[in-house]
Peer 1: 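The structure is given below, and queries will be raised subsequently.
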Amino acid sequence: MKIAVIGGAGYIGSHTARELLDFGHQVFVYDNLSSGLRQNLFKEASFFYGDILDIPRLNDFFETVQPEGIVHLAALKAAGESMEKPEKYSVSNISGSLNILNAAVKFGTKYIVFSSSAAVYGSPKYLPMDEKHPTEPENYYGYTKLAIEQYLEWYRKLKGIKYAVLRYFNAAGYDVKGRINGLEQNPANLIPIVMEAAVGKREFVSVFGDDYDTPDGTGVRDYIHTNDLAHAHRIAFEKLQNGDSFVVNLGVNRGSSVLEVIKKTEEISGCKINYKIVGRRAGDPAIVLANPAYAKELLNWQAEHSDLESLLKTTFAAYNSSL
Ligand code: WQD
């Protein structure tokens with residue numbers, strides 16, 4: 001299939017592009033390189049430099065490529081920043097997505113696989129969280145993802161475009177074959193921060209609270225490997241070709257705490273990681289876990305690389321290779 005990967009030079013986008021190429025799809029990457037990296041591009045995929053807010057450029061891209069499917073991963077993703085600068089998130093995430101949807105309609109794209117987030121749920125009301133969990137985002141970032149999910153549903157009803165909404169839990173890990181090594185600049189997420197401390201790019205990790213109701217008092221999250229996410233994007237297209245639109249969680253229902261991530265990274269890297277316990281970060285729940293049963297049932301999808309060891313080993317390999 002001809003697939004446009006919008007945001008394909010980014011962290012999850014590059015893993016997805018790789019997976020689609022590996023399985024014989026024709027891939028066309030559209031990216032403004034605001035956080036994506038040239039080194040994440042593959043020679044087998046055509047690259048179009050462009051912004052999703054630049055409607056003429058976006059339309060040119062669609063007109064040239066005539067994609068049958070799109071993966072849409074182009075978005076801002078810092079939940080904290082979205083609370084301070086909602087305008088920025090409205091424009092990039094919401095307006096940008098509408099531009100993509102309108103181009104998709106104009107140029108007859110059939111399928112769209114959308115990169116959504118567990119942030120649409122807000123604080124867990126029960127664990128593990130399934131797709132029926134109430135959607136009450138607690139940050140504006142999560143709201144933008146939910147709003148886009150709703151636009152997708154309207155465009156399905158009104159224009160017949162089929163969509164797969166993939167609600168990622170905590171994405172982590174790097175390509176298990178070591179083909180992607182572009183590192184995120186100024187990361188805000190735990191695992192890249194721990195890696196930076198391991199390779200000496202940062203002095204210490206601030207642990208946001210050790211008084212949560214969890215086994216060691218630190219926050220527990222459901223980390224999911226980017227190769228597993230990429231796999232899910234690919235099979236989402238297969239499902240859309242033979243079935244209806246759907247919304248699915250991508251996680252593994254396995255929790256790792258902040259201290260476990262730090263300790264395991266020390267073990268894997270052989271490096272000492274300094275950390276300081278500081279106050280809780282506003283809005284952080286104690287535990288977030290996905291119920292992935294529906295992904296298994298619908299897509300026959302199961303994570304293969306999302307154990308903590310593989311997540312951290314592959315990430316450390318990418319950080320180590322940058323030294
Ligand atoms: C993980 C754990 C922190 C940094 C965020 C977004 C969410 C989704 C994934 C995109 C928590 C703790 C972190 C640090 C720490 N994004 N932590 N020190 O907050 O679960 O989810 O990324 O869709 O929308 O909110 O991920 O990696 O920031 O935090 O102690 O320096 O690590 O408190 O317990 P989070 P995270």
Side-chain angles (χ1 to χ4, degrees), residues 7 10-13 35 72-84 89 92-93 114-124 127-129 135-149 165-173 184 186-198 201-226 229 249-252 254-265 273-290 306 308 311-312 315:
Y11 170 54
I12 301 171
S35 57
H72 170 26
L73 317 99
L76 300 174
K77 65 172 181 87
E81 184 195 44
S82 76
M83 298 299 275
E84 282 147 33
Y89 282 69
S92 289
N93 292 10
F114 176 59
S115 165
S116 190
S117 166
V120 300
Y121 295 121
S123 284
L127 290 168
M129 297 157 95
T135 46
E136 294 169 9
E138 281 174 16
N139 52 61
Y140 192 69
Y141 161 75
Y143 167 72
T144 65
K145 292 287 177 182
L146 185 60
I148 300 157
E149 290 189 5
V165 161
L166 308 184
R167 292 179 175 160
Y168 315 151
F169 280 65
N170 288 61
E184 204 183 349
N186 306 312
N189 293 114
L190 178 68
I191 291 182
I193 287 175
V194 168
M195 294 296 156
E196 288 191 352
K201 281 191 191 163
R202 124 179 0 238
E203 265 180 60
F204 61 90
V205 177
S206 298
V207 175
F208 298 146
D210 68 347
D211 56 353
Y212 284 103
D213 187 11
T214 61
D216 65 19
T218 65
V220 168
R221 295 293 181 273
D222 190 338
Y223 295 97
I224 165 92
H225 197 287
T226 41
L229 289 179
N249 282 344
L250 296 177
V252 287
R254 191 183 305 125
S256 303
S257 75
V258 176
L259 288 181
E260 277 177 289
V261 168
I262 293 175
K263 296 288 168 218
K264 192 88 187 162
T265 306
I273 297 171
N274 297 315
Y275 66 87
K276 289 185 189 168
I277 309 290
V278 300
R280 291 183 179 193
R281 184 171 66 178
D284 270 356
I287 307 182
V288 179
L289 291 173
S306 296
L308 194 57
L311 287 163
L312 298 178
T315 312

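For reference, positions follow the sequence shown, starting with 1. Start at 1 and go down the list; that is how both ligands and their atoms are numbered.
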Peer 1: Mind checking ring-ring contact (aromatic ring centres under 6.0 Å, His included) for Phe114 and listing every partner two or more places apart, or none if nothing turns up?
Peer 2: His72

Peer 1: Looking only at protein heavy atoms, which one is nearest to atom 20 (O) of ligand 1, and what is the separation?
Peer 2: Arg221 NE, 2.6 Å

Peer 1: Can you sort out which atoms of ligand 1 are near Ile193, meaning under 4.0 Å from one of its heavy atoms?
Peer 2: 31 (O)

Peer 1: Considering only heavy atoms from C-beta outward, does the side chain of Tyr11 approach that of Thr226 to under 4.5 Å?
Peer 2: yes

Peer 1: Against heavy atoms of Asn170, which atoms of ligand 1 measure under 4.0 Å?
Peer 2: 20 (O), 21 (O), 26 (O), 35 (P)

Peer 1: Record the part of Asp284 in heavy-atom contact with ligand 1 below 4.0 Å; permitted values are side chain, backbone, both and neither.
Peer 2: side chain

Peer 1: Taking the side chain as everything from C-beta on, heavy atoms only, tell me whether Glu260 gets closer than 4.5 Å to Leu312.
Peer 2: no

Peer 1: Could you tell me which residues satisfy ring-ring contact (aromatic ring centres under 6.0 Å, His included) with Tyr141, sequence neighbours excluded, listed by chain and number?
Peer 2: none

Peer 1: For atom 7 (C) of ligand 1, which candidate among Ser115, Ser117, Ser116 holds the nearest heavy atom?
Peer 2: Ser117

Peer 1: Under 4.0 Å from ligand 1, counting heavy atoms only, is it the side chain of Asn189, its backbone, both or neither?
Peer 2: both

Peer 1: Starting from atom 27 (O) of ligand 1, find the nearest protein heavy-atom neighbour and note its residue, name and distance.
Peer 2: Leu190 N, 2.7 Å

Peer 1: So is there a nitrogen or oxygen of Phe169 less than 3.5 Å from a nitrogen or oxygen in ligand 1?
Peer 2: no

Peer 1: As an exercise, identify every atom of ligand 1 less than 4.0 angstrom from a heavy atom of Ala79.
Peer 2: 25 (O)

Peer 1: Side chain or backbone of Ala118 under 4.0 Å from ligand 1, or both, or neither, by non-hydrogen atoms?
Peer 2: neither

Peer 1: Is it the side chain (CB and beyond), the backbone, both or neither of Ala171 that lies under 4.0 Å from ligand 1, heavy atoms counted?
Peer 2: neither

Peer 1: Where is the nearest protein heavy atom to atom 12 (C) of ligand 1: which residue, which atom, and how far?
Peer 2: Val258 CG2, 3.6 Å

Peer 1: Does Val252 offer a backbone N or O that forms a donor-acceptor pair with the side chain of Asp222 under 3.5 Å?
Peer 2: yes

Peer 1: Are any side-chain N or O atoms of Arg280 and backbone N or O atoms of Asp211, one a donor and one an acceptor, separated by less than 3.5 Å?
Peer 2: yes

Peer 1: Do Ile262 and Val207 have side-chain heavy atoms sitting under 4.5 Å apart?
Peer 2: yes

Peer 1: Taking distance alone, with N or O pairs closer than 3.5 Å, would you say Asn139 contacts ligand 1?
Peer 2: no

Peer 1: Strictly distance-based, threshold 3.5 Å: is any side-chain N or O of Glu138 a donor or acceptor partner for the main-chain N or O of Ser123?
Peer 2: yes

Peer 1: Taking 4.0 angstrom as the limit and counting only heavy atoms of Ala188, give me the atoms of ligand 1 inside it, by number and element.
Peer 2: 4 (C), 28 (O)

Peer 1: Report, in ascending order of atom number, the atoms of ligand 1 lying under 4.0 Å from any heavy atom of Ser206.
Peer 2: 14 (C), 15 (C), 18 (N), 30 (O), 31 (O)

Peer 1: Is it true that Tyr121 and Asn249 share a donor-acceptor pair across their side chains at a distance under 3.5 Å?
Peer 2: yes

Peer 1: With atoms numbered from 1 as shown, which atoms in ligand 1 lie under 4.0 angstrom from a non-hydrogen atom of Ala119?
Peer 2: 24 (O)

Peer 1: With heavy-atom distances below 4.5 Å as the criterion, would you say the side chains of Pro187 and Glu196 are in contact?
Peer 2: yes

Peer 1: For Asn274, does the CG atom have more than 12 heavy-atom neighbours from other residues, nucleotides or ligands under 6.0 Å away?
Peer 2: yes

Peer 1: Give the residue and atom name of whichever protein heavy atom lies nearest to atom 28 (O) of ligand 1, and the separation in Å to one decimal.
Peer 2: Arg281 NH2, 2.9 Å

Peer 1: Is Val207 in polar range of ligand 1, meaning some N or O pair under 3.5 Å apart?
Peer 2: no

Peer 1: With respect to atom 1 (C) of ligand 1, which of Tyr223, Phe208, Tyr275, Tyr141 exhibits the smallest heavy-atom separation?
Peer 2: Tyr223

Peer 1: Could you tell me whether the side chain of Arg167 and the main chain of Ala290 form a donor-acceptor pair under 3.5 Å?
Peer 2: no

